[in-house]
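The structure presented is a predicted model; accordingly, all values stated were derived computationally and were not measured.
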Amino acid sequence: MADQNNNLSNTIIKVQNQEDNKILQIRQLTKRFGGLTALNKVNMHIRESEILGLIGPNGSGKTTLFNCVTGFYKPDGGQIIFRGEDTTGKRPSDVAKLGMSRSFQITRPFDELTVFENMFISQSHKNESIVGTTYTRFNDTTREKADELLKFVEIYKLRDHKAAEISFGQRKLLELACTLMQDPEMVMLDEPTAGVNPTLINKIIDDIIRANEKFGTTFLIIEHNMNVIMGISHRMYVLASGEVLREGTPEEVRNDPQVLEAYFGD
């Protein structure tokens with residue numbers, strides 16, 4: 001009897017630890033646009049320090065899910081729990097303050113600002129007023145942090161160039177550095193290698209893996225390049241027609257007939 005009680009206690013502790021390890025939980029998430037259901041009762045979870053891949057055919061609901069999680073869209077149903085707090089329907093700024101950062105399919109640096117200035121305005125302003133932030137000079141701590149991250153993604157030599165002057169691939173690296181400037185617990189990347197040459201694709205992959213290992217940053221990544229997402233993900237979800245089709249390791253996803261049919265049909 002004592003052994004059974006111990007086994008039961010160990011099982012309860014193990015389940016509790018697994019639950020505590022979930023940095024993001026998406027429960028029955030639903031989003032409609034008129035008569036179109038873009039997300040239909042989607043359930044997902046992401047563990048701390050995990051690199052999670054999110055794939056699916058065009059129109060499957062991937063970016064809609066990103067926009068719901070980060071507050072750009074208000075869900076029509078379901079619940080989003082980030083770091084133990086219900087963030088369903090919260091504004092993007094409020095979600096960001098809790099430690100979530102994101103990129104977009106199209107890079108969005110301020111073209112007339114320098115690379116360094118883009119880094120500066122990307123820092124967390126959790127405890128600052130708008131007026132105070134606007135007139136704050138670059139302090140040593142901010143400068144060192146920005147320079148460290150620019151060196152991390154290897155575009156430090158471009159720090160004084162305007163964002164409009166750097167290449168598309170370098171803008172992708174700048175965007176990654178800007179997301180890390182906010183000290184996020186989790187980063188959501190929407191097609192980080194889209195439109196990038198093969199050399200820089202490998203660089204971006206390497207930077208994501210190093211950020212995950214060095215800073216413990218959790219990543220949720222949408223990516224259409226199957227070689228990239230299969231190679232970088234610890235675990236994956238597949239969306240199709242707004243619903244979760246499959247969850248598992250890259251190998252399990254790759255060999256699932258339903259996933260192959262969703263992408264390539266009969």
Listed partners of Phe66 passing ring-ring contact (aromatic ring centres under 6.0 Å, His included), at least two apart: none
Applying the side chain to side chain contact (heavy atoms under 4.5 Å, CB included) criterion to Ile46, which one of Met186, Lys22, Gln25 satisfies it? Met186
For Met119 and Leu150, the nearest pair of non-hydrogen atoms, with its separation, is CG-CD2, 3.8 Å
Heavy-atom check, side chain of Asn43 versus side chain of Gln28, under 4.5 Å: yes
CD/Glu185 to CG/Leu24 distance, rounded to the nearest 0.5 angstrom? 12.5 Å
Counting N and O atoms only, with roles assigned by atom type, does the side chain of Ser49 sit under 3.5 Å from a partner on the main chain of Gly216, one being a donor and the other an acceptor? yes
How many angstroms lie between atom CE of Met236 and atom CD of Glu251, to the nearest 0.5 angstrom? 11.5 Å
Side-chain donor/acceptor of Asn118 to backbone N/O of Pro109, under 3.5 Å: no
Mind checking the CG-CD1 spacing from Asn212 to Ile51? Nearest 0.5 Å is all I need. 4.0 Å
Using 30° and 60° as the class limits, which term best fits the ring planes of Phe215 and Phe152: parallel, tilted or perpendicular? tilted
With a 4.5 Å cut-off on side-chain heavy atoms, are Lys203 and Asn197 touching? no
If you take all heavy atoms of Gly89 and Pro75, which pair is closest and at what distance? N-CD, 4.1 Å
Residues, nucleotides or ligands: over 12 heavy atoms within 6.0 Å of Arg254 CZ: yes
Separation of Ile166 CD1 from Leu173 CG (nearest 0.5 Å): 8.5 Å
Using side-chain heavy atoms (C-beta onward) and a distance below 4.5 Å, is Val69 in contact with Met100? yes
State whether the side chain of Thr70 and the backbone N or O of Pro92 hold a donor-acceptor pair below 3.5 Å, judged by distance alone. no
If we only count heavy atoms from C-beta on, is the Asp183 to Lys145 side-chain gap below 4.5 Å? yes
Is there a side-chain contact between Ile23 and Arg83 in this structure, where contact means two heavy atoms from C-beta onward sitting under 4.5 Å apart? yes
State whether Arg143 and Asp147 are salt-bridged, where the test is any N-O pair (Lys NZ or Arg NE/NH1/NH2 against Asp/Glu carboxylate O) under 4.0 Å. no
pair Leu65-Ile26: side-chain heavy atoms closer than 4.5 Å: yes
N/O donor-acceptor pair under 3.5 Å between Tyr237 side chain and His45 backbone: yes
Between Pro192 and Ile208, the two heavy atoms sitting closest are CG-CD1, 4.4 Å
Would you find a donor on one side and an acceptor on the other, under 3.5 Å apart, between the side chain of Thr114 and the backbone of Glu117? yes
Heavy atoms, side chains only, cut-off 4.5 Å: are Val153 and Glu175 in contact? no
Sidechain-backbone polar pair: Ser103 side chain, Asp190 backbone, donor-acceptor under 3.5 Å: yes
So which heavy atom on Cys68 is nearest to which on Leu39, and how close? SG-CD1, 4.2 Å
Does Asp207 come within less than 4.0 Å of Lys214, counting only side-chain N to carboxylate O? no
Measuring from atom CZ of Phe110 to atom CG of Leu174, what distance do you get when rounded to the nearest 0.5 angstrom? 11.5 Å
Rounded at 0.5 Å granularity, tell me how far CG in Asp94 sits from OG1 in Thr87. 10.0 Å
Between Phe33 and Ala38, which heavy-atom pair has the shortest distance, and what is it? CE1-CB, 3.6 Å
Heavy atoms only: give me the nearest Lys31-Lys74 pair and the separation to one decimal. NZ-O, 2.9 Å
Counting N and O atoms only, with roles assigned by atom type, does the side chain of Lys172 sit under 3.5 Å from a partner on the main chain of Ser167, one being a donor and the other an acceptor? no
Expected output: side-chain Glu50 to main-chain His234 donor-acceptor under 3.5 Å: no
With heavy-atom distances below 4.5 Å as the criterion, would you say the side chains of Asn255 and Glu252 are in contact? no
Any salt bridge linking Lys41 with Glu243? Criterion: basic side-chain nitrogen under 4.0 Å from a carboxylate oxygen. no
